[in-house]
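As structure tokens, the structure follows; a few thoughts come after it.
Labels below follow one simple rule: chain letters A, B, ... track the order of the sequence lines, proteins then strands, and each chain is numbered from 1.
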Amino acid sequence: MMSRYSATEIEAKWQEAWDKAGIFTADHKADKPKYYVLEMFPYPSGRIHMGHVRNYTMGDVIARHKLATGHNVLHPMGWDAFGMPAENAAMASGGHPKDWTYGNIADMRSQMKPLGLSIDWSREFATCDPEYYGQQQALFLDMLEAGLVYRKNAVVNWDPVDMTVLANEQVENGRGWRSGALVERRELTQWFFKISDYSEELLDALDTLENWPAKVRLMQENWIGKSRGLQFSFERTDEGEPITVYTTRPDTLLGASFVGISPDHPIARQLEAENPEVAEFVAECRKGGTTEEAIETAEKLGYDTGIRVKHPLDPSWELPVWIANFILMDYGTGAIFACPAHDQRDLDFCRKYGLPVVDTFFALDDDSPVDKIAFVPPKTVKVRWVNHFAGLTEATGEEAINATVDFAEKAGWGEGVTKYRLRDWGLSRQRYWGCPIPVVHCEKCGTVPEKKENLPIELPYDDGNGKPIDFSIPGNPLDRHPNWRDTPCPSCGAPAKRETDTMDTFVDSSWYYARFTAPRAETPTDLAEAEYWMNVDQYIGGIEHAILHLLYSRFFARAMNITGHLPKTAIEPFNALFTQGMVTHECYTPEGGSEKRGPFFFPEEVDREKKIKLDTGEPIWIFPSVKMSKSKKNVVDPMEIVQSYGADTARWFVLSDSPPERDVEWTASGAEAAFKHLARVHRIASEIVESDSPANADDETLLREMHKAIHDVSGGVESFGFNASIAKLYAFTNTLAKSKAGTAAKREAAKTLAQLMSPMTPHLSEELWQLLGGEGLVAMAPWPVADEAMLIDDTVTLPIQINGKRRAEISVAKDLDKAEVEKIALSTEAVQKALDGAAPKKVIVVPGRIVNVVV
RNA sequence: GCGGGCGUGAUGGAAUGGUAGACAUAUCGGACUUAAAAUCCGAAGGCCUUAGUGCCGUGUGGGUUCGAGUCCCACCGCCCGCACCA
């Protein structure tokens, strides 16, 4: 009797079998090479989405392949569980962030388990577990002691109506999301990690990350932003302190038209206190959010302070000092000189305020003066200089910068300086649902670290009066908590106050990979375990984490090494990184709608064939490839797919259509097709088992194809070419289905097919493996190895090009030498016709690939 | 605004600088069937009064090369990040 493919039955059965055999429990003691594969852990929103399925399936393919190639695999899962959504939920519909979060974790875990991932669930933790964040507090104290943490002022988004700090995403068009009030930038004392001390090292070490995408390394390099420039001071015409500026283009000093200072520069601060007009201007500059984007795109504003400075090259040349809103106090010295001819921002500013524009160099072939577009050629391009002070005539920007730094240093008025764009990492958050910062503020002793034996400093569940915390009141509930805040000073014992800020959730995710190596240890890590399991051999996640999360993690690994929690070998924690694309899906709007603004219809509200809305019959538009999101009503719930088709279908589909680093478009027909294909494989295998035909001449052809499939599929899996592996699996399935080979050969081919599919469709593969008489679990069966001799064909088909266009093809023996190939190629009719008796100008023979005849 | 990336048939995509469109979807045709579903077989980038190993064709325009989807330059469009979203 032929059995039908029933995913529900098969999947539950094999998940139970894996559990029973305990094959995914990572065991330090096993006598095999270790392999640590990690996907970026999820935020527990409550529902898994297709992006999760894709991310974890990719990791699972790697993990299962490594298991089958004899590795001791660590493949853990946890929850990035602190953060704003939990507080927002409490605000919106009552309840407690903790209950909401743990409820969501339970829901998501129950949605993930049916996917059949090879995860060691015994290592699971959530960052909001006191056991985890208590160790994070210990880590913080060690870092504080090591001088890696300090306090300073920093600006935050301030909502003047709600009297609260806003996250950047809570600022919409410069206004607070709830109050609608215009947001201001306000200073607050905050805790910082000294990541900037490691700028040079984090930059240099990028070169060692060979298995990271080049684009991610480049993004980090630009983010760290090392620059060499000149620092020097402008003497003032009054008696005031000189103004120190930093410039990366000292070569354009003769094009200076003003000196600009940040609204937060000490001189601006002083004027602000003295002069109401300046105070008003500076207040205007502080309007709007803190993001670099908001600051850079804001309209350029300037205020002439009346202060004048002397040009260092010509003391009789006076430059005005302006306060300008686009100058950041955080970068360089907070003061610049503006050269409008060669900087678009400076030019826009000068045109607006009628300041002079002086060209200092021209293109070699064009000497038209700058008008509305600044002339900013790449620094490697040679330009012609106008009366250059260091004597240059024609030189590249690079050469000019070096020459002018030398010139200023020799003349004694300036100094070559290296600076970085990377700022220290502010970790304070004025919020409840995060890891409490374990310090106490004492009137006598100042800021005192909490004692380690008092850790974890746990978040209070209620408001201190036995009532639920009221999250509808703006501001941090910890800050208004009557007794959680009050605590004796760890140093002198006098009444003191706890720090009520909690940590940035990036802290939580900066060391979880290390914690997975010993998740129940009573110290942040267990060195022996960390030494064995680290580094993460393959890390997989979204490109949106290319900079912050990955840079912070690299810093934290270094900090953990310094504080004795990680070995020196683990300071670059991720040996290989892969950034996967999103899952998209079409969305539906009325005719004339927009894929950005909608309005949107749910898939069940429309007939996509007829392109109408079902209830009203009105015409609709279909936009393909839109990022799945609730607001666009185009989310496909993985659980529905798992229930109707099975996990293997969902897994197969998310891997099949697109290269992993690119977005994949979810389509109903694609999912249906994936299911049909798996059912077909099941049917083919069943038919083979029931057949009985003798060995014959087709056996070798099938087995040759089988070895090619082993080679190609393995290659795809090893190089993140999952879509290519799947294409090959389709092709090999077609070959097998059509083959006239004998039963024994077909059975062997089908067993190999089941094995090759097992990282992608593990349940179906187990079923087929059993059906075809495989021993034990396919998950533990040694990965097949291609026989090199079976991969090579005796003859190859070579295309013949004439002047680069394909005109003919020849079939020759694989190892025929070049001269012979050339002779055969030249004798073809097409070539003879093209040559028309003349000799070819040139013949290029690429063995095994192509022949090109130039006539 | 700044930094990074992507762009190939109707659709998702394949292609160490070497036969563009593998594999799949949708479509169309055929077989099987009383019929449908399922399954199996096949066609298919565009163009053409010459149906040809014909011409054109990988966002647009240039360039390098015997040869460019692939490398370089410029432009257009879309996506990601911009330090308190995770």
Side-chain angles (χ1 to χ4, degrees), chain A residues 40-43 45 80 82-85 154 156-157 165-171 190 195 213-216 218-223 225 289-298 326 330 344-345 348 421-431 504-506 508-509 542-549 551-552 579 581-582 624-625 627 656-659 661-667 669-670 672-674 676-677 679-680 683 721 723-724 726-731 734 737-738 797-809 829-830 841-844 846 848-854:
Chain A
M40 290 180 186
F41 66 164
Y43 180 80
S45 61
D80 190 11
F82 275 133
M84 294 202 308
V156 293
N157 300 304
V165 177
L166 298 178
N168 285 334
E169 74 159 8
Q170 296 173 318
V171 179
Q190 315 246 308
I195 188 173
K215 64 179 170 187
V216 173
L218 187 58
M219 281 192 243
Q220 292 213 352
E221 183 182 327
N222 290 332
W223 185 261
T290 57
T291 68
E292 193 165 301
E293 186 190 3
I295 292 163
E296 296 256 338
T297 53
F326 61 85
D330 284 323
Q344 192 61 44
R345 257 187 336 195
D348 294 344
R421 205 183 75 98
L422 181 64
R423 309 199 293 259
D424 279 333
W425 169 12
L427 66 115
S428 303
R429 296 293 182 269
Q430 295 70 43
R431 266 183 269 287
D504 178 7
T505 56
F506 271 122
D508 311 338
S509 56
I543 185 70
E544 67 272 19
H545 295 294
I547 296 174
L548 292 179
H549 163 61
L551 193 60
Y552 289 160
T579 55
M582 298 179 303
S625 302
K627 182 177 178 173
S656 64
D657 256 13
S658 285
E661 67 274 17
R662 265 206 250 171
D663 294 351
V664 66
E665 166 93 5
W666 180 272
T667 60
S669 57
E672 172 83 24
K676 281 185 188 172
H677 176 72
R680 181 176 181 230
R683 195 167 52 242
N723 57 323
I726 285 191
K728 187 67 198 178
L729 287 167
Y730 269 112
N734 290 338
K738 286 175 190 171
T797 304
L798 289 185
I800 310 295
Q801 293 185 335
I802 296 167
N803 292 339
K805 284 185 187 281
R806 192 179 68 87
R807 284 295 122 102
E809 58 184 39
E829 196 187 327
K841 271 193 201 153
K842 198 171 177 182
V843 180
I844 293 120
V846 183
R849 302 240 49 138
I850 204 164
V851 180
N852 190 11
V853 183
V854 185

- Message: Can you tell me which nucleotide in B:A22, B:C84, B:G4 comes closest to the side chain of A:Arg429?
- Response: B:C84

- Item | A:Ile800 CD1 - B:U19 C1' separation (whole Å) | 11 Å

- For A:Asn852 and A:Arg806, does a side-chain donor sit closer than 3.5 Å to a side-chain acceptor? no

- Query: In terms of the angle between their ring planes, are A:His677 and A:Tyr730 parallel, tilted or perpendicular, with boundaries placed at 30° and 60°?
  - Reply: tilted

- Query: Is any side-chain nitrogen or oxygen of A:Thr505 closer than 4.0 Å to OP1 or OP2 of B:A86?
  - Reply: yes

- Task: Would you indicate what A:Ile844 reaches in the nucleic acid, counting non-hydrogen atoms under 4.0 angstrom: base, sugar-phosphate, or nothing?
- Result: base

- Item | Polar side-chain contact A:Gln190-B:C84 base: donor and acceptor under 3.5 Å | yes

- With distance as the sole criterion, do the side chain of A:Asn852 and the base of B:C66 form a donor-acceptor contact below 3.5 Å? yes

- OP1 or OP2 of B:A24 less than 4.0 angstrom from a side-chain nitrogen or oxygen of A:Ser656, does that happen here? no

- Using modelled atom types only, decide if a donor and an acceptor are shared between the side chain of A:Glu296 and the backbone of A:Glu293 within a distance under 3.5 Å. no

- Message: With a 4.0 Å cutoff (strictly under), does any side-chain N or O of A:Arg345 reach OP1 or OP2 of B:C2?
- Response: no

- Message: For a quick check of understanding: with a heavy-atom distance under 4.0 Å over all strands, which category does A:Leu551 fall into, base, sugar-phosphate or nothing?
- Response: nothing

- Under a 3.5 Å cut-off for both distances, is B:A86 Watson-Crick or wobble paired, and to whom? none

- Query: Does A:Glu293 get its side chain close enough to the base of B:C2, under 3.5 Å, for a donor-acceptor pair?
  - Reply: no

- Without swapping roles, check the side chain of A:Asn157 against the backbone of A:Gly289 for a donor-acceptor pair under 3.5 Å. no

- Item | Heavy-atom check, side chain of A:Asp508 versus side chain of A:Asp80, under 4.5 Å | yes

- Task: Can you figure out which of B:C84, B:C82, B:U25 approaches the side chain of A:Glu292 most closely?
- Result: B:C82

- Query: Do A:Val853 and A:Gln801 come within less than 4.5 Å of each other through their side chains, counting heavy atoms only?
  - Reply: no

- Task: Determine yes or no for a side-chain-to-main-chain donor-acceptor pair under 3.5 angstrom, with A:Asn723 supplying the side chain and A:Asp657 the backbone.
- Result: no

- Message: Between A:Asn168 and B:A83, is there a contact of a side-chain N or O with OP1 or OP2 at under 4.0 Å?
- Response: yes

- Quote, to the nearest angstrom, the P distance that separates B:U25 from B:C41. 12 Å

- Item | Sugar-phosphate, base or nothing in reach of A:Val156, heavy atoms under 4.0 Å | base

- Between the base of B:C6 and the side chain of A:Arg662, is there a donor-acceptor distance below 3.5 Å? no

- Message: Closest approach to the side chain of A:Asp657, judged atom by atom: which nucleotide of B:U39, B:G12, B:A26 is it?
- Response: B:G12

- Toward the 5' end of RNA chain B, which comes first, A:Leu798 or A:Gln344, by nearest nucleotide? A:Gln344

- Item | N/O (side chain, A:Lys738) to phosphate O (OP1/OP2, B:G42) under 4.0 Å | yes

- Contact class for A:His549 vs. all strands (heavy atom < 4.0 Å): base, sugar-phosphate, or nothing? nothing

- Query: Since syn is defined as within 90° of 0, does B:G54 count as syn or as anti?
  - Reply: anti

- Item | Residue-phosphate contact under 4.0 Å: A:Lys215 side-chain N/O, B:G5 OP1/OP2 | no

- Query: What does A:Ser509 touch in the nucleic acid at a heavy-atom separation under 4.0 angstrom: a base, only the sugar-phosphate, or nothing?
  - Reply: nothing

- Message: Classify A:Thr297 by what it touches in the nucleic acid, base, sugar-phosphate, or nothing, heavy-atom distance under 4.0 Å.
- Response: base

- Nearest-Å distance once atom P is located in both B:A44 and B:A35: 29 Å

- Query: Expressed in whole Å, how much space separates the C1' atoms belonging to B:A74 and B:A22?
  - Reply: 33 Å

- Task: Could you check which nucleotide pairs with B:G7 in any of the strands shown, counting Watson-Crick or G-U wobble with both distances under 3.5 Å?
- Result: B:C76

- Query: Counting any heavy atom closer than 4.0 Å, what does A:Pro659 reach on the DNA or RNA strands: base, sugar-phosphate only, or nothing?
  - Reply: sugar-phosphate

- Task: Would you please confirm or rule out a distance under 4.0 Å between OP1 or OP2 of B:G67 and any side-chain N or O of A:Arg807?
- Result: no

- Message: What's A:Gly542 touching, base or sugar-phosphate or nothing? Going by heavy atoms closer than 4.0 Å.
- Response: nothing

- Task: Taking atom C1' in both B:U50 and B:G59, compute the distance separating them and give it to the nearest angstrom.
- Result: 34 Å

- Task: Give a yes/no on whether any side-chain N or O of A:Arg849 is located under 4.0 angstrom from OP1 or OP2 of B:U16.
- Result: no

- From B:G4, B:C84, B:G13, nucleotide with atom closest to A:Met219 side chain: B:G4

- Query: Is the closest basic N to carboxylate O distance between A:Glu221 and A:Lys215 below 4.0 Å?
  - Reply: no

- Message: I'd like to check A:Arg807 versus A:Ile800 (side-chain heavy atoms, cut-off strictly below 4.5 Å). Are they in contact?
- Response: no

- With sugar-phosphate meaning primed atoms plus P, OP1 and OP2, does A:Lys728 contact a base, only sugar-phosphate, or nothing at under 4.0 Å between heavy atoms? nothing

- Phosphate contact (B:G67 OP1 or OP2) by A:Arg806 side-chain N/O below 4.0 Å: no

- For A:Val165, answer base if it contacts any base atom (sugar-phosphate contacts may also be present), sugar-phosphate if it contacts only those atoms, and nothing otherwise; contact means non-hydrogen atoms under 4.0 Å. base

- Does any non-hydrogen side-chain atom of A:Glu544 lie less than 4.5 Å from one of A:Met40? no

- Please determine, for B:A43, whether a Watson-Crick or G-U wobble partner exists with both distances under 3.5 Å, and give it or none. B:U27

- Message: Using a heavy-atom cut-off of 4.0 Å across all strands, would you classify A:Trp425 as base, sugar-phosphate, or nothing?
- Response: nothing

- Message: Rounding to an integer number of angstrom, what distance separates B:G54 and B:C2 when you compare their P atoms?
- Response: 49 Å

- Item | Residue mapping more 5' on RNA chain B - nearest nucleotide basis, A:Gln801 or A:Ala830 | A:Gln801

- Message: By the 4.0 Å heavy-atom rule, please label A:Phe506 as base, sugar-phosphate, or nothing.
- Response: base

- Query: Atom CG of A:Leu218 and atom C1' of B:C80: how far apart are they, to the nearest Å?
  - Reply: 14 Å

- Query: If the C1' atom of B:U49 is compared with that of B:C71, how far apart are they to the nearest Å?
  - Reply: 43 Å

- For B:C2, which nucleotide is its Watson-Crick or G-U wobble mate, given both distances must be under 3.5 Å? B:G81

- Task: Can you tell me, in whole Å, how much space there is between the C1' of B:A14 and that of B:G81?
- Result: 30 Å

- Hey, does A:Gly670 reach any base, or is it just sugar-phosphate, or nothing, if we go heavy atoms under 4.0 Å? nothing

- Are OP1 or OP2 of B:C23 and a side-chain N or O of A:Asn723 less than 4.0 angstrom apart? no

- Task: Sticking with atom P, work out how far B:G17 lies from B:G30, rounded to a whole angstrom.
- Result: 45 Å

- Across every strand shown, the nucleotide meeting Watson-Crick or G-U wobble geometry with B:U50 (both distances under 3.5 Å) is none

- Message: For B:G4 and A:Asn222 - does any side-chain N or O of the residue sit under 4.0 Å from the phosphate oxygens OP1/OP2?
- Response: yes

- Taking the side chain of A:Arg423 as heavy atoms from C-beta outward, which of B:A83, B:U39, B:C80 is closest to it? B:A83

